[in-house]
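Just so we're clear, the structure is a prediction, and the values are computed from it rather than from any experiment.
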Amino acid sequence: MNFLAHLYLSKNNKNILIGNFIADAVKGNKYNNFPAEIKAGILLHRAIDNYTDKHPIVRKSKRRLHKRYKHYDGVIIDILYDHFLAKNWLNYSTIPLKTYAANTYSFLQNNIDIFPEKIKKILPYMIEYNWLVAYASIEGIEKILQGMNKRTKGISKMDMAIEDLNYHYKELELDFTTFFKSLEQFTEEKTTLLLLT
């Protein structure tokens, strides 16, 4: 899953949210350098990614994409799934997405000192371009995919994935909706276990 889903799945635990947000920049067992709940958030992020990568519905979504993306198909689906979460946000949260995003940016900014350098560099761009809200529109997703393609120097061809989104829109949205129910349940159970250990 991508940023919005990971943040949302952290629910109301702010330390879990921090861990979930910074996890991709914490390699190997370096999670042990963080306090217990942030460590739990990092491990939760890894568990979510593992569960997602192996899930048959997610694999079906990847097969809907053009073969030109190769191993980037998982990254693309993560972004497209965040689009469906953002677009249908009020099905998942009573807090409007713009309010949620503003509150989350503020919280992350206030805790930036403990972030790995890579995340410290990403956060200002995330805030400036309001990624969490941008996910909700086709135009926003298109810009994000174009930005990701530039970062791979055009190798990923991710900018073309907007075509796949438009072509398979209903099928991908159904994939997401069905999968996300099971992911929420998995995450709730995993969070409970991680906080007990």
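A salt bridge links K87 with E173: at least one charged nitrogen is closer than 4.0 Å to a carboxylate oxygen.
Going from atom CG of L7 over to atom CG of L17 covers 5.0 Å, rounded to the nearest 0.5 Å. One distance of note links CD of Q109 with OG1 of T104; it measures 13.0 Å at 0.5 Å rounding.
Closest approach of L123 to F21, counting heavy atoms only: CD1-CZ, 4.1 Å. The two residues L97 and W89 make their nearest non-hydrogen contact at N-CD1, 3.4 Å. Minimum interatomic distance between Y72 and T152 (heavy atoms only, all atoms of both residues): CE2-CG2, 3.8 Å. For the residue pair N149 and S156, the shortest heavy atom distance occurs at OD1-OG, 3.2 Å. Heavy-atom minimum distance, Y100 versus I95: N-CG2, 3.8 Å.
For the 3.5 Å distance criterion, the side chains of D49 and H6 qualify, holding a donor opposite an acceptor.
The salt bridge (charged side-chain N to carboxylate O under 4.0 Å, His left out) pairs that include a residue from residues 101-121 are E117-K120, where partners are two or more places apart or lie in different chains. For residues 144-164, every residue pair satisfying the salt bridge (charged side-chain N to carboxylate O under 4.0 Å, His left out) rule, not counting sequence neighbours, is listed here: R68-E163, R68-D164.
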Using a 3.5 Å cut-off and no angle test, enumerate the donor-acceptor pairs between side-chain atoms of residues 127-140 and protein atoms at least two apart in sequence or in another chain.
unit_1 : atom_1 : unit_2 : atom_2 : d
N130   : OD1    : Y105   : OH     : 2.8
Y135   : OH     : N2     : ND2    : 2.7
S137   : OG     : G140   : N      : 2.9

Listed pairs under 3.5 Å, donor-acceptor, residues 25-32 side chains, sequence neighbours left out:
unit_1 : atom_1 : unit_2 : atom_2 : d
K27    : NZ     : D24    : O      : 2.8
N32    : OD1    : K39    : NZ     : 3.1
N32    : ND2    : N29    : O      : 3.2

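Residues passing the side-chain hydrogen bond (donor to acceptor under 3.5 Å, both in side chains) test with H83 are Y169, sequence neighbours excluded. Judged as a salt bridge (Lys or Arg N to Asp or Glu O under 4.0 Å), and not counting sequence neighbours, K190 has no contacts.
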